[in-house]
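In what follows, chains are A, B, ... by sequence order, proteins preceding strands, each numbered from 1.
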Amino acid sequence: MIGLADCNNFYASCERVFNPKIKGKPVVVLSNNDGCVIARSNEAKALNIKMGEPAFKIKPILQKHKVHIFSTNFALYGDLSERVMNTLKSEINKVEVYSIDEAFLDFSDFSSFDRAMSIRKKVKQWTGIPISIGIAPTKTLAKVANHIAKKSTKEGVFVLRERDITRSLQHLAVEDIWGVGRRNAFKLKQYGVYTALDFTNVNIEWLRRKFSINAVRLQKELKGERCYELELKKTKKKNICTSRSFGKETNNYNIIKQAVSNFANTCAVKLRNERSCCYKISVFLMTNRHKASAVQHFPYITLNFNTPTSDSFEIVSKANIALQTIYNNACIYKKAGVIVQSIVSENEVQASLFDTIDRKKRNRLMCSIDKINMLMGRDKIRLAAQGFDRKWKLKQEKLSPCYTTRFSDILSVNI
DNA sequence: TCTGGGGTCCTAGGACCC
DNA sequence: TCTGGGGTCCTAGGACCC
């Protein structure tokens, strides 16, 4: 059997761990720039606050019910996620960390309701985060089991046995199947497929023809045939993207250049952490698509490196060449981003015949910079192009302390 | 006033080869 | 009159996930 452990309302729960005052109260966490609701406590869900809703649209509800609002604090969530995963690993040998708040667990040795309950209790006790566990024969069914654990059990644990599969699928809407999104749910309903059970009953050839190979796999998984195994090896990323909306829209070239330089540098740092190099870099800009009256412009350009690189100097300067090409000062931009692509492992780099850079020396320099920044704080050493004033930076008005990752933010206790 | 960020996989179609 | 068949590789766009 495969288990799926999923943290309940993860970001909202993180905010509560070190702030007991907000227990039992409605809590929402907003996306970057304090834009949309991306996490809700049960009390906030009960107020009918929807996932992804722009905060400014529901301001009256938030005020009326005294909802506690937080900006995203990824330093906190990332750290608590690691604690949860480590606790799971202390109980289960094979754990696939699937996302910041989810992990697949190998229950092939023995799976029981009681074992899952004790794991759940341990995670709560050790980290303060409540989780739900669903257990079933395949990953997709484990997702179903988790769904049931969250919605219909008091304990937060559900074991989906073979004999109960049909009954469970009957009560699961087709759009709630893992891997069926909005588009395909709409399409399926047009053909009269409304529940997960309906989905398991459609002709497999028809499914292959009308949808994709994934739909076929999905059907098999729902019937208990395993198509997806646990992925225990960490794989290298194939693309790395850093992008942000600006706190304030702008057409100022220098501000945008600073932002793009910072995003490009972050991509380079991420590449070096992965021990990878990239062949290509793309830069994009976006105007505010919600503003009907504004001139819209979504330029995007990709440039190549002759030799794959993770060098900040090269990546940032190439990003700036790209920016120069696509920037148009008649437009007010809302967002910019840098993507590095065609990624290869750093020990598989094929150098260009005409390469002129002393790469060994540059690598040592980058290593030193990374080390110093690790010890002394992010961007302590930076490229001049990154600048200091950060006029493009995001809005984060409701940021909670980094309780676990910054010395000055550690809680003090009065006895 | 105000609307997120970071990924993966699949497919169709174009360009090219012999 | 009449215009093939079998491939590979790359890319953009779509769909999905959290």
Side-chain angles (χ1 to χ4, degrees), chain A residues 4-7 9-11 28-39 50-60 62 69-74 77-78 81 96-104 139-140 143 146 174-188 207-218 227-228 231 234-249 259 263 266-267 270 274 279-280 282 284 286-294 298 300-302 304 332 334-343 393-398:
Chain A
L4 175 67
D6 189 326
C7 301
N9 315 329
F10 183 54
Y11 297 166
V28 298
V29 177
L30 304 181
S31 60
N32 270 335
N33 254 332
D34 295 345
C36 302
V37 173
I38 55 166
K50 294 274 181 296
M51 186 73 172
E53 195 131 40
F56 74 90
K57 283 191 181 169
I58 53 166
K59 214 168 175 182
L62 296 175
I69 305 167
F70 292 92
S71 306
T72 34
N73 182 346
F74 277 110
Y77 312 151
S81 168
E96 176 191 336
V97 176
Y98 176 69
S99 75
I100 194 164
D101 72 331
E102 276 175 78
F104 286 105
K139 278 184 162 179
T140 309
K143 275 273 185 185
N146 193 285
V174 74
E175 63 264 31
D176 290 334
I177 303 173
W178 182 46
V180 176
R182 252 215 316 251
R183 294 295 180 109
N184 283 333
F186 181 77
K187 194 167 154 191
L188 282 162
L207 207 53
R208 177 71 190 85
R209 240 185 9 254
K210 291 281 180 189
F211 296 85
S212 75
I213 187 70
N214 283 331
V216 172
R217 290 188 186 129
L218 212 53
C227 297
Y228 304 110
E231 284 170 33
K234 205 180 157 221
T235 50
K236 291 197 177 197
K237 288 197 174 26
K238 296 173 180 173
N239 299 291
I240 291 173
C241 172
T242 306
S243 73
R244 292 286 180 281
S245 299
F246 305 139
K248 219 175 149 196
E249 296 170 22
F263 302 159
T266 303
C267 284
K270 288 179 185 170
E274 290 259 320
Y279 268 103
K280 296 181 178 182
S282 304
F284 65 86
M286 290 173 132
T287 47
N288 188 347
R289 60 172 78 243
H290 301 288
K291 222 178 230 173
S293 59
F298 305 99
Y300 179 99
I301 191 176
T302 303
N304 297 314
I332 313 277
K334 175 68 187 160
K335 179 174 175 176
V338 175
I339 308 169
V340 290
Q341 300 153 92
S342 296
I343 290 175
K393 72 169 191 298
L394 355 134
K395 204 166 87 183
Q396 282 187 307
E397 287 172 353
K398 311 273 188 183

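In this structure, CG of A/D101 is placed 12 Å from C1' of C/dC17, rounded to the nearest angstrom. Between A/K57 atom NZ and B/dT1 atom P there is a gap of 13 Å when expressed in whole angstrom units. Computed from coordinates, the A/K139 NZ to C/dC18 P distance equals 12 Å when rounded to whole Å. As rounded to whole Å, 14 Å separates atom C1' of C/dC18 from atom CG of A/N9. Atom CZ in A/R289 sits about 16 Å away from atom C1' in B/dC2, given to the nearest Å. Nucleotide C/dC16 holds its P atom 12 Å from the CD1 atom of A/I177, rounded to whole Å. Rounded to a whole Å, the CD atom of A/E96 is 13 Å from the C1' atom of C/dC17.
When each of A/F104, A/Y98, A/W178 is paired with A/L4, the side chain to side chain contact (heavy atoms under 4.5 Å, CB included) condition holds for A/F104 and for no other.
Nucleic acid contact for A/R182: sugar-phosphate only, since backbone atoms but no base atoms lie under 4.0 Å from a heavy atom of the residue. As judged by a 4.0 angstrom heavy-atom cut-off over every strand, A/L218 is placed among residues making no nucleic acid contact. Nucleic acid contact for A/E53: none, since no nucleic acid atom lies under 4.0 Å from a heavy atom of the residue.
The nucleotide whose nearest atom lies closest to any side-chain atom of A/K291 is, among B/dC2, C/dC18, C/dA15, B/dC2.
Not a single donor-acceptor pair under 3.5 Å links the side chain of A/S31 to the backbone N or O of A/I38. Checking side-chain atoms of A/E274 against main-chain N and O of A/K237 turns up a donor-acceptor pair under 3.5 Å.
Here the CG-CZ distance, from A/N32 to A/R244, works out to 5.5 Å after rounding to the nearest 0.5 Å.
For C/dC18, one of the phosphate oxygens OP1 or OP2 lies less than 4.0 angstrom from a side-chain nitrogen or oxygen of A/K143.
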Nucleic acid footprint by protein, nucleotides 4-14 of chain B - heavy-atom cut-off 4.0 Å, B for base, S for sugar-phosphate alone: SSSSSSSS---

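Atom CZ of A/F186 has 12 or fewer neighbouring heavy atoms from other residues, nucleotides or ligands inside a 6.0 Å radius. Counting non-hydrogen atoms of neighbouring residues, nucleotides and ligands closer than 6.0 angstrom, the NZ atom of A/K236 exceeds 12 such neighbours.
Ring geometry for A/Y11 versus A/F74: interplanar angle over 60°, hence perpendicular rather than tilted (30 to 60°).
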